[in-house]
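Worksheet: one structure, shown below.
All values below were derived from every heavy atom in this structure, side-chain atoms included, with hydrogens, water molecules and symmetry-related copies excluded. Chain A is the first sequence line, chain B the second, and so forth, proteins listed ahead of strands; every chain is numbered from 1.
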Amino acid sequence: MSIFDKLNPMQLEAVTTVSGPALVLAGAGSGKTRALTHRIAYLIEEGVNPWNILAITFTNKAADEMRERVDRLVKIGAESVWISTFHSMCVRILRRHIEYLGYSTDFTVYDSDDQRTLMRQVIKKLDKDPKQYRERGMLSIISGLKDKLISPEEYSATAAYDFRQRNYAEIYAEYQAQLKRNNALDFDDLIVKTVELFRAVPQVLENYQDRFQYIMVDEYQDTNAAQFALVSLLARRDRNLWVVGDDDQSIYKFRGADIENILNFEKVFPGAKVIRLEQNYRSTGNILKVANEVIAHNYGRKGKNLWTENGAGEPVEVCQFETAQDEASYIMKQVRKYVEEGGNYRDCVVLYRTNAQTRILEEMADRYIGQHYRTLGVNFYDRREIKDIIAYLRTICNGRDDLAVQRIINVPKRGIGATSLGRVSDYAELKGISLYDACCEAALVPGIGKAAGKIRGFVEQIEELRELAEEITIVDLIDEILSRTGYREYLMEEDDVQAESRLEYIGALKDKAAYYEGDTEDPSLSEFLEDIPLRSDQDNLDREEDKMLLMTLHSAKGLEFPIVFLAGMEDGLFPSSMSINSDDPEGAIEEERRLCYVGITRAEKRLVMTAARQRMVNGENRYSKLSRFIYEVPATLLNMQGTEGPSQRRREGNLSFGSVYDSGETGYRGKYSFQNGFGGGFSGKDSYSGRSDRYAENNSGWQNGGRKRSFGDRSWENSGDGYYPFGNDPWEKVFDLDKEKHEEVVRFGSKPVISKGSQIIDSGGAPDYGVGDRVTHVKFGEGTVLQLEKAARDYEVTVQFDTAGKKRMYAAFAKLKRV
DNA sequence: GGGCCTCAAGTTTTT
DNA sequence: CTTGAGGCCC
């Protein structure tokens with residue numbers, strides 16, 4: 001019995017395709033990684049030297065997992081197979097050969113934070129208006145250019161006649177020059193420079209072509225033009241390129257992933273064999289049907305039809321709640337129930353569109369399931385305290401790292417401000433030395449004055465630490481940094497609330513250092529620091545730990561869970577209003593739809609999609625309908641559960657609209673314009689004349705089936721009842737009366753709601769207290785109202801608090817209670 | 001130099 | 001609401 005006997009015919013076909021270009025279209029849960037690893041085993045069995053095999057993934061996690069599986073599958077020679085991410089592969093190549101491109105081999109890799117710092121300096125240096133040329137915008141333009149392998153020179157040539165583009169070109173060129181001056185590469189450069197190297201030095205390319213005769217690429221749908229060029233160069237000679245991907249799971253277009261790479265594979269590699277893996281082993285029949293229905297709404301697909309032999313399973317659940325809090329507590333209660341019935345926390349995951357949603361979910365998780373959850377959120381290495389400590393380590397390790405020095409020279413405060421730093425920096429540039437070296441001779445810097453002594457203090461600290469670093473472990477070195485520089489005290493003083501957790505994170509960094517030192521033959525600080533920019537939180541995801549996970553949909557790619565909650569299934573949130581209102585709504589929404597498909601197909605047994613009618617977004621209450629993606633699924637496939645308990649808000653009665661539209665229970669007369677982008681689903685042009693309650697019942701197939709309805713330019717037939725099955729949303733009643741001002745006060749029950757443009761702000765209305773009344777405030781305690789005046793959208797109240805002094809605030813936010 | 005204030009902005013992000 | 005950056009004043 002061979003390891004290949006368990007493969008299905010298509011998998012076997014994929015695995016035994018040894019030479020020539022091959023495109024494996026692998027649907028979600030169709031055994032993609034299995035095919036990949038088995039193919040490596042097969043190649044070796046067929047006599048291919050493991051040394052000649054290269055497998056490229058996007059994440060460290062995927063690479064680690066593949067490594068492990070190959071090791072298990074292949075007994076001899078597995079360790080010689082090169083399994084790596086695009087980026088770490090490029091780092092390895094560049095550390096050997098980058099001198100051809102005029103960099104030195106000990107280059108630093110800049111992470112996104114470093115990039116922003118550098119970009120800020122570039123914009124300042126070139127004296128560009130920071131309002132018009134924002135760091136983030138510039139970086140994304142440059143990243144987009146690099147993804148397409150467009151150099152500053154090439155871009156500059158095409159941008160000759162456009163003022164704005166000329167400025168972009170100038171910024172790009174300067175940014176690149178600064179990187180080079182710092183002997184640094186950003187993430188995109190890792191790929192770009194490797195391609196440059198291969199193009200510039202044929203013998204190096206040949207060297208790697210000899211080495212990598214069999215190339216495999218995972219998640220091929222996520223490659224960008226630069227990565228494609230890299231792979232093409234390597235595979236050009238032998239044409240043994242085997243790629244696996246799923247066009248329906250391409251969710252990184254916004255980062256330059258070019259779906260065309262997969263759609264055009266056969267054109268670029270004539271004679272390519274195309275193999276489809278369509279049997280899904282992961283999900284129940286119902287879940288798969290829902291996934292297929294949703295993704296069928298996309299155009300220009302390669303076309304796959306996923307099927308499964310698994311049972312139908314339970315229907316997919318859809319639950320809409322009044323608020324995001326209700327939604328979150330429902331999810332957590334469901335998890336708790338599942339565990340009480342014998343399940344494990346680790347079977348469950350909550351997926352959502354934006355990181356902003358984590359707060360409420362975590363709050364409710366704390367309340368209902370205690371510590372049995374973990375959030376994949378901000379990257380560990382992106383935390384401020386971790387970056388600070390790393391900057392110290394970087395400075396100790398290598399004095400030429402200007403960015404690191406800039407970060408810490410005044411953290412904790414040493415009285416070295418922007419002016420002094422600027423003087424030292426100018427001096428450094430003038431003399432062509434590094435910032436740190438300039439600090440070492442601070443006394444010579446013109447106009448430096450008293451700051452010289454302070455800078456000397458900093459240099460002495462670093463020098464001491466540098467000497468220590470020779471003798472002690474990295475773990476101890478971190479402790480020395482904390483105590484000698486006063487960083488620990490600095491954290492304590494800065495914010496006592498977060499200080500403790502920040503110190504815990506630093507503790508975690510020490511753990512990582514300890515692990516590295518224990519695990520490495522000849523540990524060195526520079527090696528420890530070297531690949532930190534290439535590491536992410538995802539790498540340490542521990543699925544063995546019995547904890548429920550919270551993460552964004554993007555982070556969930558490649559994972560699977562018995563029970564998946566898709567939270568925030570609201571139009572405007574998912575798909576995001578950004579996508580709905582983008583220049584290319586069709587394309588942007590298709591990408592969101594693929595993301596939805598990714599989310600749905602993570603589920604093995606149970607899928608619950610939840611939404612809130614009302615959610616705080618950017619401090620404002622936003623009302624939303626269910627996501628359009630839910631309406632793309634025939635209602636018969638879904639178990640619509642309505643809200644958990646009756647809606648308090650709806651019981652308050654109907655809205656009335658200022659003085660113009662004041663109505664009773666039945667609804668409103670007049671012309672209603674639904675706000676642009678608000679709540680999703682309707683564009684600014686959409687309007688309805690008549691009674692709003694009729695709108696809910698009769699217009700556009702709101703609640704009855706068989707009517708055509710549309711969102712923007714797209715329209716489709718309602719395939720049955722079940723649309724908007726949850727009664728009248730408060731949202732329905734909110735609209736924009738005054739188009740000039742885009743601002744109107746409407747009344748929602750007893751509570752006025754103010755709308756502004758496409759946003760809705762909750763307001764407290766007239767306070768139930770007056771001047772002279774005694775009131776309490778959650779934070780400030782008791783006090784006496786001194787003044788109360790009507791402001792533009794709210795009342796402004798001035799209170800003399802007994803202990804907290806005099807405060808002036810908005811009534812709606814102050815939430816004062818009469819005593 | 002640094003504290004305080006105001007203002008604007010705010011997706012997703014494997015590396 | 002939250003965060004960050006720049007402006008202003010001491």
Side-chain angles (χ1 to χ4, degrees), chain A residues 56-64 84-91 109-112 115-117 120 123-124 130-131 134-137 139-140 143 147 185-191 218-219 222-224 227 249 251-257 351-357 359-360 376-379 381-382 384 410 413-422 449-451 454 531-539 541 551-559 568 572-582 588 591-592 594-596 598-599 615-622 759 761-762 813:
Chain A
I56 311 174
T57 64
F58 277 82
T59 66
N60 294 308
K61 190 179 61 172
D64 293 347
S84 161
T85 66
F86 267 107
H87 295 266
S88 47
M89 174 180 90
C90 290
V91 169
V109 178
Y110 276 4
D111 67 13
S112 37
Q115 286 180 275
R116 281 179 60 186
T117 310
R120 195 164 39 236
I123 292 169
K124 196 167 268 174
K131 285 239 186 325
R134 295 178 196 283
E135 288 146 46
R136 288 183 61 165
L139 285 170
S140 90
S143 177
D147 287 343
L185 303 183
D186 64 20
F187 286 132
D188 299 318
D189 278 344
L190 294 175
I191 316 288
D218 189 17
E219 305 280 15
D222 289 333
T223 49
N224 60 35
Q227 288 158 338
Q249 292 189 63
I251 53 173
Y252 284 107
K253 196 178 161 202
F254 71 95
R255 291 167 55 129
L351 306 178
Y352 38 83
R353 182 64 179 79
T354 69
N355 276 315
Q357 291 165 253
R359 267 261 287 269
I360 291 170
L376 247 72
V378 187
N379 222 339
Y381 292 105
D382 286 340
R384 194 190 63 176
N410 204 28
K413 297 214 176 346
R414 296 187 175 88
I416 306 165
T419 316
S420 307
L421 188 59
K450 278 190 294 186
K454 296 168 182 168
D531 68 355
I532 277 182
L534 302 177
R535 294 257 140 216
S536 84
D537 243 16
Q538 316 276 327
D539 306 339
L541 190 87
M551 66 178 91
T552 63
L553 285 152
H554 282 88
S555 322
K557 200 168 72 163
L559 304 175
L573 183 63
F574 188 37
S576 73
S577 41
M578 290 257 196
S579 65
I580 297 168
N581 299 324
S582 74
E591 174 130 331
E592 299 270 305
R594 289 191 292 269
L595 191 56
C596 185
V598 167
R615 174 187 300 275
M616 278 292 237
V617 176
N618 301 342
E620 290 167 338
N621 240 344
R622 202 157 81 173
Q759 294 162 330
I761 306 162
D762 229 28
F813 293 107

Check: E591(A) side chain, A588(A) main-chain N or O, donor-acceptor pair, under 3.5 Å: no
Between N410(A) and K413(A) (side chain of the first, backbone of the second, donor and acceptor by atom type, cut-off under 3.5 Å), is there such a pair?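 Answer holds: no.
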Without decimals, in angstroms, what is the distance between [X] [atom1] and [N] [atom2]?
X	N	atom1	atom2	answer
D111(A)	dT14(B)	CG	P	12 Å
R136(A)	dA5(C)	CZ	P	11 Å
I360(A)	dT2(C)	CD1	P	11 Å
R622(A)	dC1(C)	CZ	P	17 Å
D222(A)	dT12(B)	CG	P	17 Å
D188(A)	dT15(B)	CG	P	14 Å
I580(A)	dT12(B)	CD1	P	16 Å
E620(A)	dA9(B)	CD	C1'	12 Å

If you assign each of A356(A) and L534(A) to its closest nucleotide in DNA chain B, which residue comes earlier from the 5' end? A356(A)
Contact nearer the 5' end of DNA chain B, comparing T419(A) with T552(A):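 The answer here is T419(A).
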Listed nucleotide nearest any side-chain atom of [X], set [options]:
X	options	result
K557(A)	dT15(B), dT14(B), dA8(B)	dT14(B)
R359(A)	dT2(C), dG3(B), dT14(B)	dT2(C)
R120(A)	dA5(C), dT15(B), dT13(B)	dA5(C)
T354(A)	dA9(B), dT11(B), dT15(B)	dT11(B)

Categorize [X] for me: base, sugar-phosphate, or nothing, with a 4.0 angstrom heavy-atom threshold over every strand shown.
X	result
R594(A)	nothing
N410(A)	sugar-phosphate
A451(A)	nothing
E592(A)	base
K131(A)	nothing
S576(A)	base
F86(A)	nothing

[X] vs [N]: side-chain N/O to OP1/OP2 distance below 4.0 Å:
X	N	value
S112(A)	dT15(B)	no
R535(A)	dT14(B)	no
S555(A)	dT13(B)	yes
R116(A)	dG4(C)	no
N60(A)	dT15(B)	yes
N355(A)	dT13(B)	yes

Determine whether the aromatic ring centres of H554(A) and F254(A) lie less than 6.0 Å apart. yes
Answer with yes or no after comparing the ring centroid distance for F58(A) and H87(A) against a 6.0 Å cut-off, counting only values under it. no
So, does the side chain of R353(A) form a donor-acceptor pair with the base of dT11(B) at under 3.5 Å? no
Could E135(A) and R116(A) be called an ion pair, given the rule that one side-chain N must be under 4.0 Å from one carboxylate O? yes
What I want to check is whether the side chains of T85(A) and S88(A) have a donor and an acceptor closer together than 3.5 Å.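 On atom types as modelled, these side chains qualify, holding a pair under 3.5 Å.
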Is the aromatic ring centre of F254(A) closer than 5.5 Å to the centre of the six-membered base ring of dT12(B), with the two planes inclined by less than 30°?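 A stacking contact exists, since F254(A) sits close and nearly parallel to the base ring of dT12(B).
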Partner residues of D188(A) under the salt bridge (charged side-chain N to carboxylate O under 4.0 Å, His left out) criterion, sequence neighbours left out: none
